[in-house]
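The structure appears right after this line, and notes come after that.
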Protein chains: 2
Amino acid sequence: MTLQEVARVAGVSPRTVSNVVNGYEHVAPRTREQVQAVIDALGYRANAAARSLRTGRTGLLGLVVPALDQPYFAELARAVVREATGAGFTVVVDQTDGDPDRERELLLQGPRGAMFDGLVLSPLALTARDLLDADATRPVVLLGERTVDTAFDHVHIDNVAAARAAAEHLIGTGRRRIAAIGLQTEAHTGRQRAEGFMLALAEAGLPAHPHLLRYVEAYDRASGFAAMSAMLDGDLRPDAVFCFNDMLAIGALRACLTRGVRVPGDVAVMGFDDVEEVRYTTPSLSSVRPDRDAIARVAVGRLVARVERRADGVGPAQDVTVPHELVLRESTGPA
Amino acid sequence: MTLQEVARVAGVSPRTVSNVVNGYEHVAPRTREQVQAVIDALGYRANAAARSLRTGRTGLLGLVVPALDQPYFAELARAVVREATGAGFTVVVDQTDGDPDRERELLLQGPRGAMFDGLVLSPLALTARDLLDADATRPVVLLGERTVDTAFDHVHIDNVAAARAAAEHLIGTGRRRIAAIGLQTEAHTGRQRAEGFMLALAEAGLPAHPHLLRYVEAYDRASGFAAMSAMLDGDLRPDAVFCFNDMLAIGALRACLTRGVRVPGDVAVMGFDDVEEVRYTTPSLSSVRPDRDAIARVAVGRLVARVERRADGVGPAQDVTVPHELVLRESTGPA
DNA sequence: TTGTATGCGTTATCAC
DNA sequence: GTGATAACGCATACAA
């Protein structure tokens, strides 16, 4: 079932059928009607491969995340797919498991990468070097702050300010031995949240005891559980803990309850991301809520603008900060 | 950068370059070496659209699920993406939100033209009529039991047996007023799990009190919370509740704890799906674990076999049952 | 083992 | 406003 056949049946040229299919304006209403009737009758669908070959575009956007089964990325993916669909694009989701090679390969349009018109990349392990070396031929939007002067658009929340606000809230409710779980040596996110946390402590004149600063390998429940358990088994017990994402916080919460440590009575727990799950833990978790819909909207918007070479799609890389807010629930006690 | 140019630079014909690119066997080692060198030097990458147009295949598999931010589907998606990647395919994930029209549309043709070589579809609202009418031109694997004689492969667990085993376990620990949350009038999954539940009750000579049989609109935490709350506010309090998925169970758990109802002391709670999340609730949730990896492996395997027209990829539709197991944790008390 | 030539289905460039 | 026709880049039937 090709455009040619439709043209033959409708008694017009392929050109005219193409015009109808693509909603070209200058087609006689009567002609359009007749052609459309034939299209419907024959159930004709344009061949995506042929169209791509001809136009050089695929209608595919890539979304690259560390892992789809992490609730934050699953929720983000949902939002991105919705946005892209609205803009007439289809989303291909790729998982990297934080493998730098895979992230790099996708950034540089490896085997699969060549297929996309554009890419939303949530890098976990990409270095400044990678970003500077990257000479991508297609538009790329990076999620996360712009740490180095690249040609890529960036979309992010203000992680430093968000973490600082979270820590300030804990301090404001009278907590004094405040711990942090989720520090990382490399990853930008972990470093920025640590920075905000430290700023709040310094500002309040509180010490940052090494025992209360916990590095983790991964931002998952198991790591949060392990880190909190280790902390509770030590001599210096925190009276509050700020976890750099919700999964860590859920693991930490479980560690507390398992040991009979009351939350928020003995320890206040604060998470980050505000995934759906934290509303249903017991106690429910306070968290920092990035405006996920805004992230998806802006990221897809920038990408589509560049792919379609719209007026707002040319020019230098943009750096967009979207809002976040502190969501207070039971785990941090009454304000 | 086309295959033609590579051929010109290498001083061979396009045919030879194509042979090298596609790993065709009968190429002189020396020729292969030289051509490969040119390919590397020029950074040549085959044009996916042209290849698709020529071969009629895209290397894309579609995965259609109700919603990516439901943990079960996120975890399933992750497994499917991993399997497909291993088989040299890329996965496009689509969400239907349980919209029958979208499911039907995707079953029949997929978005943006028939871009997929095959489809894994997890239907929520598709009717027998839809499946019988469907005259898909591409291979489709349906997740969920084969309720009507279609031409599609099916992959599923034995929902009736699984639900029955779960209920039997609750009965075996001495519970007598056993409730179920998650009944549905249409969806097959809900009906099959209800059937298994009822069988276990009947077998034990226990009544199925209407107050303890809860229908829900959606399989999410909020619905579980609402259903359990309503039940606890009534006169007949259950001493156990079997929720037809983990999200319902998490909502139910939260409802119990909010009201001071002890779990598992006053009420035992059992979930279904065994998503990562239920290991970290307090108390941790017992659940039925479908072998998700097996589901993904079989589904992608069947699909790829048919797409590649392998020996095991022809012939009538297959119906594959994969294993499940009961995972006992704190919420159902000691066995 | 490798070269030549053709066509996949579409859109775009020219005419009319 | 519409028709004829030429690419787009690749894989393969057929030839050599």
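Residue numbers start from 1 in every chain, and the chains themselves are labelled A, B, ... in the order their sequence lines are given, proteins ahead of strands. Being a predicted model, the structure only gives us computed values, none of them experimental.
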Contact class for B:Val21 (heavy atom, under 4.0 Å): base, sugar-phosphate, or nothing? nothing
Measure the shortest side-chain to side-chain distance between B:Tyr44 and B:Val21 over non-hydrogen atoms and say whether it is less than 4.5 angstrom. yes
How is B:Thr16 classified with respect to the nucleic acid when contacts are heavy atoms under 4.0 Å: base, sugar-phosphate, or nothing? sugar-phosphate
Terminal axis angle for the helix from C:dT1-D:dA16 to C:dC16-D:dG1, five pairs an end, nearest 10 degrees: 30°
What is the distance, to the nearest angstrom, from the CD atom on A:Glu25 to the P atom on D:dT2? 14 Å
Quick check: are there more than 12 heavy atoms from other residues, nucleotides or ligands sitting under 6.0 Å from CD of A:Glu5? yes
For DNA chain C, which nucleotides open and close the run of contacts to chain A, 5' to 3', at under 4.0 angstrom from a non-hydrogen atom? C:dG9 to C:dC14
Whole angstrom value for the distance that separates P of D:dA13 from CG of B:Asn19: 12 Å
Distance-only check: which donor-acceptor pairs under 3.5 Å involve side-chain atoms of residues 307-322 of chain A, not counting sequence neighbours?
| residue | atom | partner | partner atom | Å |
| --- | --- | --- | --- | --- |
| A:Arg310 | NE | A:Asp312 | OD1 | 3.4 |
| A:Arg310 | NH2 | A:Asp312 | OD2 | 3.4 |
| A:Asp319 | OD2 | A:His156 | NE2 | 3.1 |

B:Arg306 with B:Asp117: basic N within carboxylate O range, under 4.0 Å: no
Where each residue is assigned the nucleotide of DNA chain C containing its nearest heavy atom, which of B:Thr31 and B:Ala50 is assigned the position nearer the 5′ end? B:Thr31
Between P of D:dC10 and CD1 of B:Ile39, the distance in whole Å: 10 Å
Provide, to the nearest angstrom, the distance between the CG atom belonging to A:Leu53 and the P atom belonging to D:dA6. 17 Å
Judged by nearest nucleotide, the residue sitting upstream toward the 5' end of DNA chain D, A:His26 or A:Gln4, is A:His26
What's the separation between atom CG in B:Leu60 and atom CE in A:Met115, rounded to the nearest 0.5 Å? 5.0 Å
Measuring from the side chain of A:Arg54 (C-beta onward, heavy atoms only), which nucleotide among D:dC10, D:dT2, D:dA7 has the closest atom? D:dA7
Mind checking whether A:Phe152 and A:His154 have ring centres under 6.0 Å apart? no
Taking atom P of D:dA15 as reference, at what distance in whole Å does atom CZ of B:Arg15 sit? 14 Å
Base, sugar-phosphate, or nothing for B:Tyr44, non-hydrogen atoms under 4.0 angstrom? sugar-phosphate
Distance in angstrom units between A:Arg8 CZ and D:dG3 P, rounded: 14 Å
So A:Ser52, base contact, sugar-phosphate only, or nothing? Heavy-atom distance under 4.0 Å. nothing
Considering all heavy atoms, the nearest A:Arg302-A:Val141 contact: CB-CG2, 4.0 Å
Select base, sugar-phosphate, or nothing to describe what A:Ala49 touches, counting heavy atoms under 4.0 Å on all strands. nothing
Working note: B:Asn47 + B:Thr2, criterion side chain to side chain contact (heavy atoms under 4.5 Å, CB included); need CA distance, chi angles, decisive distance, verdict. CA-CA 8 Å; B:Asn47 178 311; B:Thr2 75; over 6 Å; no
Drop me the distance from B:Glu33's CD to B:Gln36's CD, to the nearest 0.5 angstrom. 10.0 Å
Whole angstroms only, please: what is the CZ-C1' distance between A:Arg30 and D:dT2? 16 Å
Grab the CG-P distance between A:Leu3 and D:dT5 for me, whole Å please. 16 Å
Is the shortest side-chain heavy-atom distance between B:Arg82 and B:Asp293 below 4.5 Å? yes
